[in-house]
Amino acid sequence: MSRKNKTAPVRRNAHKTRPEARCALWLARHPGFLAAPSALAASVIELGPTTTGSLAAGTLAAGLGWYRAHPGSFSRIAAPRLRATRRRWTRYIGRSWKTSLDFCNLTVDDRRTGEILVPRLLKVASPTPSIDVLRVAIRKGQSVTTFRDAQEELASALGADAISIEKEKPRVLRITLVFGNPFDDIVPPADIPGDPSEVDLTALELGDTEYGEVWTEPLLGQHWLISGGTGSGKGSLLWNPLRAMGPMIRDRIVRVWVIDPKGGMETERGKPLFHRHASPADEEVEYDDGDGPEDIDPMLALLYEFRDRMRERQDRLRREGKRKFTPSAETPFEVLMIDELMMLTALAGRRVISEVNKVLAEILTQGRAAGYAVIAYVQEPTKDIVPVRDLFTRRISLRTGAASFVDMVLGEGARDRGALADEIPETGAEGIGFRTTETSRQPVRVRAGYSTDDDIDELVRLCTPHDDPPADTNVYHLAA
Ligand SMILES: Nc1ncnc2c1ncn2[C@@H]1O[C@H](COP(=O)(O)OP(=O)(O)OP(=O)(O)O)[C@@H](O)[C@H]1O
């Protein structure tokens, strides 16, 4: 219920909370407000101002030292807490919080007392510089719908670009706010390293994170699922890993297999780079699964071949007693890219759909240790369309067509934690999306580097595989 009872009779001061009681309640909810100055005063009295000053300076220096020595763990652990405290006391301080809600008709008039009741801010989390998550206790008569009806006004009052409001439990809402666009400019494509020793298959450059850091993802020992609506920029996430692995493709330490069910439009330009390429434009292929040869879909044939080579590699590793695979020109790291998986797993003929899902499940469950990785691109990540969805180990969501797709890709609760991929604008934000970190389930905003046709031509010119693999690059040692 918003403030719609303005004309109703009011019994002033009945059960109105006294200011002293309100103050005591507030202090009980914010113990740090008294505890911090009390601790400081006690320290000055007990230890003296010099020791207290030294302790404070020491704490500050330790924080700075942590930031300098391990910026990654600092921005993961300390920065969100510091940022949340700062925002709690600046962006969402009492009076401005009340005014914002008041302007959006999200406060409630208590007719008995004449008090204006403001939904209470229970907690502010600020996991990344551009995402705030607020836990809010609503007032009697309000519901998640009251807030959702005013969500555009609330986003504008709080200065957010995107907002999501969910019910966490009765009378507690979780309001996720995304601020600004940290990617003003188009991000350049990943650099093509000069030499295979400069390639790190455990950290391939894909673009930038919202922290202004290089966005990398591991591919060795992983499978990627990339989800995004039409025109969201999935192509960038096809060309960037190829650029980042370029010299290894050239030296045949990495071999790329491509299935392009969209007819080869996206991948045609890079064809010289690929070890195998199949699209509906290709002729049917003769394949013998033991029951005699038959003509089958060229894309299915490529998938079978990839699976069969994987099985051979597994046998070989087993025979040699190796549990770990090391990429080399003799035993290359094999990467299968499937552009628009949906066309094979949902829109093809019944036999192809069932075979693709079966073979893909085998590759996804067994390929990692043998050096076989899959990167699949999909517009709709539902279970009907991608039954093998959960077998992908790294997942990225670009702009999606539905809010429900976000959690399907990034895991349950990802949207509530700030991955508002369905709120990414259709134009001017191509290549922008969310990933979750390996160590926490916290989403981080990212933008993929953009490869123009010239960039793709450069990649083909520099990294088309040699006819013969060079003898001296037979074994590749993982970059540190
Ligand atoms: N990283 C990027 N940065 C800026 N603009 C980009 C980026 N990636 C793509 N674009 C722009 O968006 C357009 C659509 O990109 P792309 O073809 O990769 O989308 P898609 O997700 O593959 O779409 P579809 O599924 O329909 O093929 C491109 O033509 C380009 O203009």
Side-chain angles (χ1 to χ4, degrees), residues 180-192 204-210 212-217 224-244 256 258-271 273-274 277 279-281 299 337-348 374-382 385-386 389 392 395-402 405-406 408-410 419 421-435 444-460:
N181 174 6
F183 310 104
D184 291 338
D185 299 318
I186 287 177
V187 175
D191 288 335
I192 303 175
L204 294 177
E205 180 182 341
L206 300 184
D208 283 358
T209 72
E210 62 179 302
E213 292 166 352
V214 176
W215 168 29
T216 63
E217 296 287 347
W224 296 357
L225 180 67
I226 291 155
S227 162
T230 180
S232 60
K234 295 187 293 298
S236 314
L237 292 174
L238 189 140
W239 297 112
N240 280 307
L242 294 175
R243 290 177 69 86
V256 182
V258 172
I259 297 180
D260 190 347
K262 287 193 292 193
M265 295 282 285
E266 178 74 45
T267 54
E268 192 68 33
R269 216 176 179 96
K271 230 170 164 180
L273 296 166
F274 308 139
H277 183 276
S279 79
M299 298 179 287
M337 296 175 132
I338 308 176
D339 194 14
E340 202 38 76
L341 187 57
M342 178 164 84
M343 297 188 71
L344 290 184
T345 54
L347 301 180
V374 179
I375 307 181
Y377 305 81
V378 69
Q379 289 192 10
E380 291 190 20
T382 60
I385 287 173
V386 195
R389 186 180 72 202
F392 288 90
R395 306 185 210 170
I396 297 156
S397 176
L398 301 177
R399 171 177 47 77
T400 60
F405 291 174
V406 179
M408 289 178 195
V409 179
L410 298 178
D422 53 306
E423 297 280 347
I424 296 173
E426 283 203 13
T427 49
E430 295 86 353
I432 295 182
F434 292 86
R435 71 180 290 254
V444 174
R445 249 197 300 187
V446 287
R447 185 166 206 176
Y450 179 47
S451 288
T452 61
D453 287 351
D454 287 348
D455 295 319
I456 299 169
D457 292 345
E458 178 199 28
L459 177 65
V460 170

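Order of appearance sets the numbers: ligands from 1, and atoms from 1 within every ligand. Keep in mind the model is a prediction, meaning the values are calculated, not measured.
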What's the shortest distance from [atom] to any protein heavy atom, and which residue and atom give it?
{"atom": "atom 23 (O) of ligand 1", "result": "Gly231 N, 2.8 Å"}
{"atom": "atom 30 (C) of ligand 1", "result": "Tyr450 OH, 3.5 Å"}
{"atom": "atom 27 (O) of ligand 1", "result": "Lys262 NZ, 2.8 Å"}
{"atom": "atom 26 (O) of ligand 1", "result": "Thr230 OG1, 2.5 Å"}
{"atom": "atom 12 (O) of ligand 1", "result": "Glu430 CG, 3.1 Å"}
{"atom": "atom 17 (O) of ligand 1", "result": "Glu266 OE1, 4.0 Å"}

Per-residue contact class, Gln379 against ligand 1 - non-hydrogen pairs under 4.0 Å: side chain
Distance check, rounded to the nearest 0.5 Å: [X] atom [atom1] versus [Y] atom [atom2]?
{"X": "Glu380", "Y": "Leu341", "atom1": "CD", "atom2": "CG", "value": "12.0 Å"}
{"X": "Arg389", "Y": "Leu225", "atom1": "CZ", "atom2": "CG", "value": "8.5 Å"}
{"X": "Asp185", "Y": "Asp208", "atom1": "CG", "atom2": "CG", "value": "10.0 Å"}
{"X": "Ile338", "Y": "Ile226", "atom1": "CD1", "atom2": "CD1", "value": "11.5 Å"}
{"X": "Met343", "Y": "Asp260", "atom1": "CE", "atom2": "CG", "value": "9.0 Å"}

Consider ligand 1: state whether an atom of it lies below 4.0 angstrom from any non-hydrogen atom of [X].
{"X": "Gly228", "answer": "no"}
{"X": "Gly449", "answer": "yes"}
{"X": "Ser451", "answer": "no"}
{"X": "Arg447", "answer": "yes"}

Just go through Met342, Lys234, Arg399 and tell me whose heavy atom is the nearest to atom 20 (P) of ligand 1. Lys234
Evaluate Gly233 for polar contact with ligand 1, using N/O atom pairs at a separation under 3.5 Å. yes
Answer yes or no: does an N/O atom from Gly431 fall short of 3.5 Å to an N/O atom of ligand 1? no
Does the [X] side chain pair with the main chain of [Y], one donor and one acceptor, at a distance under 3.5 Å?
{"X": "Glu340", "Y": "Met342", "value": "yes"}
{"X": "Arg435", "Y": "Glu217", "value": "no"}
{"X": "Asp457", "Y": "Asp454", "value": "no"}

Which ligand 1 atoms does Gly235 reach within 4.0 Å, using its non-hydrogen atoms? 18 (O), 22 (O)
Just so I know, are the side chains of Glu430 and Ile186 near enough to count as touching, which here means a heavy-atom distance under 4.5 Å? no
